[in-house]
Amino acid sequence: MTLEILADAEHLAARAADFIAGVINEKPQTTVLVATGNTPMRTYAELERRVKAGELDCSSATAVQLDEYLGLPEGDPRSLYGWMERAFVRPLGIQRVIRFDSALEPHSACARFDREVAGVDGIDLAILGLGPNGHLGFNEPPSGPDAPTRALTLTPESLSSNAAYWGELEVPTRALTAGMSTILSSRRVLLLVLGAHKREVLARALLGPLTPDLPASYLRDTNLTVLADQAAARGLT
Ligand code: GLP
């Protein structure tokens, strides 16, 4: 595991963009698992800047959805795929996407997702945020390392942290997530962590026991790079 501590969100975004661009330059057909949430948004904006400036070409990469709410009508503003499309897929000029098909019933959507991920030989790079309760995607505690791609009910912690994204709109209570097994078998994992409110959960993820009660702890068994700002990393070293 590598931990890099950056001064603030802006420095973290620049470093994360360097990392992601490095992977894509090395292998243009990279398959990237893409978190939404607030943490990676500056990073994606920096990648967009580089694409627009002609410094980076993402057109051969495949973007893979990490998680999605269940039960939203087509075109609902809360769709996590919609967020991923606006923040990552379109601005970076990505042509190929693997996503959860919300027209299918959840079990079939998950089975198809797994088949498509297997069909591209798995994930090269997982870009992840850290849930306030240690979740990855929507692998809520308890989730062990073999937890499959599946539908689940969100915990009260996730409902309340996700409420910040949607203003007056309610947070859906059920979701689909790429499984722990998919995430942990990624060839590289980039975990982005910002803010003092993530300090305790980050310390537990990096220093505490590997436990289903903190799914992010299992990242230590992967080829992991953690980029954290000083606020999140204080007391870690
Ligand atoms: C959310 C999402 C995750 C995200 C995490 C952190 O609930 N399901 O994919 O990475 O929690 O979100 P944020 O970056 O907004 O703190």
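Indexing begins at 1, ligand by ligand and atom by atom, following the structure's order. Computed from a predicted model, the values in this text were never measured in an experiment.
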Query - Protein heavy atom at shortest distance from atom 1 (C) of ligand 1 - result: H135 NE2, 3.5 Å
Requested in this report: List every atom of ligand 1 that sits less than 4.0 Å from any heavy atom of L66, numbering the atoms from 1 in the order shown and giving each element.
Outcome: 9 (O)
Query raised in the report: Tell me: protein heavy atom nearest atom 12 (O) of ligand 1, and distance?
Result: Y165 OH, 3.0 Å
Query raised in the report: Mind checking whether Y69 and F138 have parallel, tilted or perpendicular rings, split at 30° and 60°?
Result: tilted
**Report entry** Over 12 foreign heavy atoms within 6.0 Å of CD, E4
**Finding:** yes
Query raised in the report: Tell me, which pairs form a side-chain hydrogen bond (donor to acceptor under 3.5 Å, both in side chains) where one or both residues lie in residues 111-123, sequence neighbours left out?
Result: D101-R112, D114-T149
Report task. Report, in ascending order of atom number, the atoms of ligand 1 lying under 4.0 Å from any heavy atom of T39. Result -> 13 (P), 14 (O), 16 (O)
Report summary line: If we number the atoms of ligand 1 from 1 as shown, the ones under 4.0 Å from a heavy atom of L130 are 6 (C)
Query raised in the report: Does ligand 1 have any atom that is closer than 4.0 Å to a heavy atom of G137?
Result: yes
Query raised in the report: Just which atoms of ligand 1 are under 4.0 Å from any heavy atom in G37?
Result: 14 (O), 15 (O)
Query - Heavy-atom nearest neighbour in the protein, as seen from atom 4 (C) of ligand 1, with distance rounded to 0.1 Å - result: T36 O, 4.1 Å
Per-pair distances, 0.1 Å, donor-acceptor, side chain in residues 190-208, under 3.5 Å, sequence neighbours excluded:
| residue | atom | partner | partner atom | Å |
| --- | --- | --- | --- | --- |
| K198 | NZ | L130 | O | 2.9 |
| R199 | NE | A231 | O | 3.2 |

**Report entry** Numbering as shown, the atoms of ligand 1 that approach G129 to under 4.0 Å (heavy-atom distance)
**Finding:** 10 (O)
Requested in this report: Say whether L128 and ligand 1 are in contact under the criterion: heavy-atom distance to a ligand atom below 4.0 Å.
Outcome: no
Query raised in the report: Which protein non-hydrogen atom lies closest to atom 2 (C) of ligand 1, naming both residue and atom, and how far is it?
Result: D67 OD2, 3.7 Å
Requested in this report: Would you mind checking if D18 and R50 are paired as a salt bridge, meaning a charged N to carboxylate O distance below 4.0 Å?
Outcome: yes
Report summary line: Atoms of ligand 1 under 4.0 Å from any heavy atom of N162, numbered from 1 in the order shown, are 1 (C), 7 (O)
Query - R187 side, atom CZ; T222 side, atom OG1 - distance, nearest 0.5 Å - result: 13.0 Å
**Report entry** Polar side-chain atom of S79 near backbone of D76 as donor-acceptor pair, under 3.5 Å
**Finding:** no
Requested in this report: Working to the nearest 0.5 Å, report the span between CZ of R150 and CG of N139.
Outcome: 4.5 Å
Requested in this report: Salt-bridge test for R78 and E170: reply yes if a basic N is under 4.0 Å from a carboxylate O, no otherwise.
Outcome: no
Query raised in the report: Of all the non-hydrogen atoms in the protein, which one sits nearest to atom 16 (O) of ligand 1, and at what distance?
Result: K198 NZ, 2.7 Å
Query raised in the report: Counting each atom of ligand 1 from 1 as listed, which ones have a heavy atom of N38 under 4.0 Å away?
Result: 13 (P), 14 (O), 15 (O)
